[in-house]
Number of protein chains: 2
Amino acid sequence: MIQTELKSSPRQNHLINALPVVEYEHLLPLLELVPMPLGEVLYESGEKLRYAYFPTTCIVSLLYVMENGASAEIAMVGNEGILGVALLMGGETMPNRAVVLSAGYAYRLREYPLLREFERMEGNHGGALLHILLRYIHVLITQMAQTVVCNRHHSIDQHLCRFLLMCLDRLPSYELNITQELIAHMLGVRRESITEAARTLQIAGLINYRRGHITVLNRPGLEERVCECYHVVKKESDRLFPEISQVMPLRPRILTLG
Amino acid sequence: MIQTELKSSPRQNHLINALPVVEYEHLLPLLELVPMPLGEVLYESGEKLRYAYFPTTCIVSLLYVMENGASAEIAMVGNEGILGVALLMGGETMPNRAVVLSAGYAYRLREYPLLREFERMEGNHGGALLHILLRYIHVLITQMAQTVVCNRHHSIDQHLCRFLLMCLDRLPSYELNITQELIAHMLGVRRESITEAARTLQIAGLINYRRGHITVLNRPGLEERVCECYHVVKKESDRLFPEISQVMPLRPRILTLG
DNA sequence: TTCCTTATGTTCTGTAGCGTACAGACAATG
DNA sequence: CATTGTCTGTACGCTACAGAACATAAGGAA
């Protein structure tokens with residue numbers, strides 16, 4: 001069954017896939033496959049991290065929730081990254097929430113084995129994982145930086161385009177299972193604004209949607225309409241992980257995932 | 001002369017100050033004191049980093065400048081941090097600009113010796129610098145995350161309060177030498193909006209200003225008015241660098257710098 | 001099928017902040 | 001002093017988006 005194949009390899013995560021064989025094999029027995037249902041909260045703000053997660057087919061949002069309940073997405077992490085960089089940095093907790101935005105799977109790693117891996121590396125046994133994670137942190141910082149800019153200067157329409165493209169980059173199909181309500185929550189805007197923006201995109205023939213389901217019909221069209229923020233992050237990501245940028249040609253147009 | 005004293009020790013930078021004596025003494029001969037005049041551009045977007053900077057008495061802004069010239073501040077770095085974390089992460093360049101926001105001094109370190117320091121550490125000679133920098137990256141990420149939130153949800157008034165408080169945290173006095181125009185550029189808003197916000201604060205008796213010069217009269221007042229974003233970052237910073245949070249009682253009320 | 005929940009659509013009003021234009025005020029400089 | 005450039009103040013129409021209240025429709029459950 002294709003689904004089983006899809007969820008069964010840690011190498012679907014680009015960071016893990018970038019590991020040399022020796023380090024990969026050392027890490028493998030420590031990884032545990034876990035399902036990631038929509039809406040699951042991996043870390044609560046201020047909560048001590050117990051696992052790091054390497055998403056394979058899911059997408060996770062880092063979200064700040066304000067005292068009054070309003071929220072904003074800080075960053076989006078899928079199979080290109082890792083959740084729990086605070087473990088590497090020694091922070092233990094972060095003042096934001098990690099919540100599953102698109103259901104799927106991830107491999108998780110207990111805090112303790114992860115830290116032991118770093119110790120091993122500092123002892124000069126390679127250090128590939130450390131360096132890969134540092135490069136990923138660079139990409140993450142870039143993503144956050146552009147989110148700052150985007151939140152300041154760009155319209156909701158552009159923001160939505162960026163959001164959709166970022167989801168596409170992390171999924172194996174052109175279909176997203178997500179409500180406008182949830183998107184609004186992520187972008188920190190009203191649901192009505194998303195409704196309107198989505199309708200604009202649908203009229204332009206770029207997407208098609210119905211009740212919690214969005215199909216992207218014309219990705220190049222989205223890329224034309226999106227603000228520079230998306231491209232800056234994409235470019236930086238491709239620059240730092242060149243081997244990955246060729247991995248996802250994404251030919252199949254329709255292939256629903258779970 | 002007090003000025004000379006003030007600018008003369010690398011330990012004025014909190015990260016350097018947190019180093020154990022052995023590592024500090026090893027780093028010392030590699031550090032070069034440089035003046036940081038207002039407006040100086042340390043790194044241009046996409047430009048290869050040649051130095052890392054440890055500010056002592058200056059403040060530097062990480063700024064993204066859009067294609068159309070509009071801009072937004074990504075993060076602010078002063079004596080609590082370091083510029084050039086991309087060197088550690090292996091990114092070499094960043095898609096944003098680093099520009100001096102408040103004149104002063106910094107110690108700089110060539111790219112090459114810095115990387116050699118890291119190699120030394122991975123060879124298990126301590127690693128204090130590496131771990132300190134990782135903790136700082138955590139704080140930096142937190143700062144950026146809150147800037148995302150602030151840009152999305154908070155008013156220009158609150159944003160200005162946050163900006164002023166962040167400057168105060170990095171300076172030895174309650175006086176800032178900065179024009180409204182420059183603040184507007186940093187926050188990514190119109191100059192007129194800053195004029196109005198500043199006037200509001202002045203009427204409330206919190207600040208006093210004249211042509212490129214702002215005096216904070218009532219810091220607690222600003223702290224009451226600022227959004228939670230400021231406090232979240234401050235708290236996280238104090239948590240990760242507890243020794244530092246007691247360093248700056250900042251008793252002297254008026255003590256102009258440069 | 002019918003019902004009921006959940007998702008989306010519509011509309012109205014209020015307002016923060018933008019763009020633009022220009023006026024006044026301070027400070028350096030010749 | 002007078003001039004000039006740099007800051008700061010004021011004003012006004014305009015737009016994007018918030019807040020709120022309610023209408024409709026899709027689709028799963030009974």
Side-chain angles (χ1 to χ4, degrees), chain A residues 38-39 66 68-73 101-102 149-164 175-204 207-215 225 227 256 258, chain B residues 38-39 66 68-73 101-103 149-164 175-204 207-215 225 227 256:
Chain A
L38 180 64
M66 298 192 342
N68 67 16
S71 59
E73 189 182 60
L101 176 66
S102 177
V149 175
C150 213
N151 274 347
R152 171 99 327 240
H153 291 292
H154 297 136
S155 69
I156 293 185
D157 286 51
Q158 291 178 304
H159 223 123
L160 177 59
C161 289
R162 192 165 84 93
F163 181 86
L164 293 176
E175 311 238 326
L176 316 178
N177 290 300
I178 186 169
T179 64
Q180 297 183 356
E181 179 84 47
L182 185 52
I183 295 177
H185 197 237
M186 292 300 160
L187 302 190
V189 300
R190 282 180 323 146
R191 201 245 34 222
E192 290 87 337
S193 302
I194 296 298
T195 298
E196 203 183 330
R199 206 160 44 82
T200 307
L201 293 182
Q202 177 152 275
I203 288 168
I207 67 172
N208 183 19
Y209 62 90
R210 55 172 219 281
R211 285 180 79 79
H213 198 85
I214 300 177
T215 308
R225 190 179 281 237
C227 52
T256 314
Chain B
L38 179 64
M66 297 191 342
N68 68 15
S71 60
E73 189 182 61
L101 176 66
S102 178
V149 175
C150 213
N151 274 347
R152 170 100 329 240
H153 292 291
H154 298 134
S155 69
I156 293 184
D157 287 51
Q158 290 179 304
H159 222 125
L160 176 60
C161 288
R162 193 165 83 92
F163 181 86
L164 293 175
E175 311 237 327
L176 317 178
N177 290 300
I178 187 169
T179 63
Q180 297 184 355
E181 178 84 48
L182 185 52
I183 295 177
H185 198 237
M186 292 299 159
L187 301 191
V189 300
R190 283 182 321 149
R191 200 240 44 219
E192 290 86 338
S193 302
I194 296 299
T195 298
E196 203 183 329
R199 206 163 44 84
T200 308
L201 294 181
Q202 177 152 275
I203 289 168
I207 67 172
N208 183 17
Y209 61 91
R210 54 172 220 280
R211 285 179 78 78
H213 197 85
I214 300 178
T215 307
R225 188 178 281 237
C227 51
T256 313

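Excluded from the calculations below are hydrogen atoms, water molecules and symmetry mates; all remaining heavy atoms, backbone and side chain alike, are included. Naming convention: chains lettered A, B, ... in sequence-line order (proteins, then strands); numbering from 1 in each chain.
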_Pair of N/O donor and acceptor under 3.5 Å linking D:dG9 base with B:Arg191 side chain_ = yes
From [atom1] of [X] over to [atom2] of [N], roughly how many Å is that when rounded to an integer?
{"X": "A:Tyr209", "N": "D:dA25", "atom1": "OH", "atom2": "P", "result": "14 Å"}
{"X": "A:Glu196", "N": "D:dA18", "atom1": "CD", "atom2": "P", "result": "11 Å"}
{"X": "B:His185", "N": "D:dC7", "atom1": "NE2", "atom2": "P", "result": "14 Å"}
{"X": "B:Ile178", "N": "D:dT8", "atom1": "CD1", "atom2": "P", "result": "10 Å"}
{"X": "B:Ile214", "N": "D:dT8", "atom1": "CD1", "atom2": "P", "result": "8 Å"}
{"X": "A:His159", "N": "D:dA18", "atom1": "NE2", "atom2": "P", "result": "11 Å"}
{"X": "B:Ile183", "N": "D:dT8", "atom1": "CD1", "atom2": "P", "result": "8 Å"}
{"X": "A:Met66", "N": "D:dA18", "atom1": "CE", "atom2": "C1'", "result": "13 Å"}

_Which heavy atom of A:Leu160 sits nearest to which heavy atom of A:Ala198, and what is that distance?_
CD2-N, 3.8 Å
*Do any N or O atoms from the side chain of A:Glu196 and from the backbone of A:Ser193 form a donor-acceptor pair under 3.5 angstrom?*
no
*So, is A:Arg190 near the phosphate of D:dA20, with a side-chain N or O under 4.0 Å from OP1 or OP2?*
no
*Does a nitrogen or oxygen in the side chain of B:Gln180 sit under 4.0 Å from OP1 or OP2 of D:dG9?*
yes
*Tell me which of B:Asp157 and A:Ala198 sits closer to the 5' end of DNA chain C, going by the nucleotide each one is nearest to.*
A:Ala198
With a 4.5 Å limit on heavy-atom distance, are the side chains of [X] and [Y] in contact?
{"X": "B:Phe163", "Y": "B:Ile194", "value": "no"}
{"X": "B:Asn177", "Y": "B:Leu38", "value": "no"}
{"X": "A:Gln158", "Y": "A:Cys150", "value": "no"}

_Once side chain to side chain contact (heavy atoms under 4.5 Å, CB included) is applied, do any residues pair with A:His153, and if so which ones, sequence neighbours excluded?_
A:Val149, B:Met66, B:Ala70, B:Ala72
*asked:* Restricting to side chain to side chain contact (heavy atoms under 4.5 Å, CB included), what partner residues turn up for A:Gln202, sequence neighbours left out?
replied: A:Ile207, A:Asn208, A:Tyr209
*the helix from C:dT1-D:dA30 to C:dG30-D:dC1: angle between its terminal axes, five pairs each, to 10°?*
30°
What distance separates [X] [atom1] from [Y] [atom2], expressed to the nearest 0.5 Å?
{"X": "B:Arg225", "Y": "B:Leu164", "atom1": "CZ", "atom2": "CG", "answer": "11.5 Å"}
{"X": "B:Ile203", "Y": "B:Arg199", "atom1": "CD1", "atom2": "CZ", "answer": "5.0 Å"}
{"X": "B:Leu201", "Y": "B:Cys161", "atom1": "CG", "atom2": "SG", "answer": "4.5 Å"}

Table of protein N/O atoms under 3.5 Å from nucleotides 26-30 of chain D N/O atoms:
residue	atom	partner	partner atom	Å
D:dA26	N3	A:Arg211	NH1	3.3
D:dA26	N3	A:Arg211	NH2	3.3

_Reading DNA chain C from 5' to 3', where do the contacts with chain A start and stop? Cut-off is 4.0 Å to heavy atoms._
C:dT6 to C:dT10
*Check every strand shown and say whether A:Glu192 touches a base, only sugar-phosphate, or nothing at a heavy-atom separation below 4.0 Å.*
base
Using a 3.5 Å cut-off and no angle test, enumerate the donor-acceptor pairs between side-chain atoms of residues 178-189 of chain B and protein atoms at least two apart in sequence or in another chain.
residue	atom	partner	partner atom	Å
B:Thr179	OG1	B:Leu182	N	3.1
B:Gln180	OE1	B:Thr195	OG1	2.6
B:His185	NE2	B:Ser71	OG	3.2

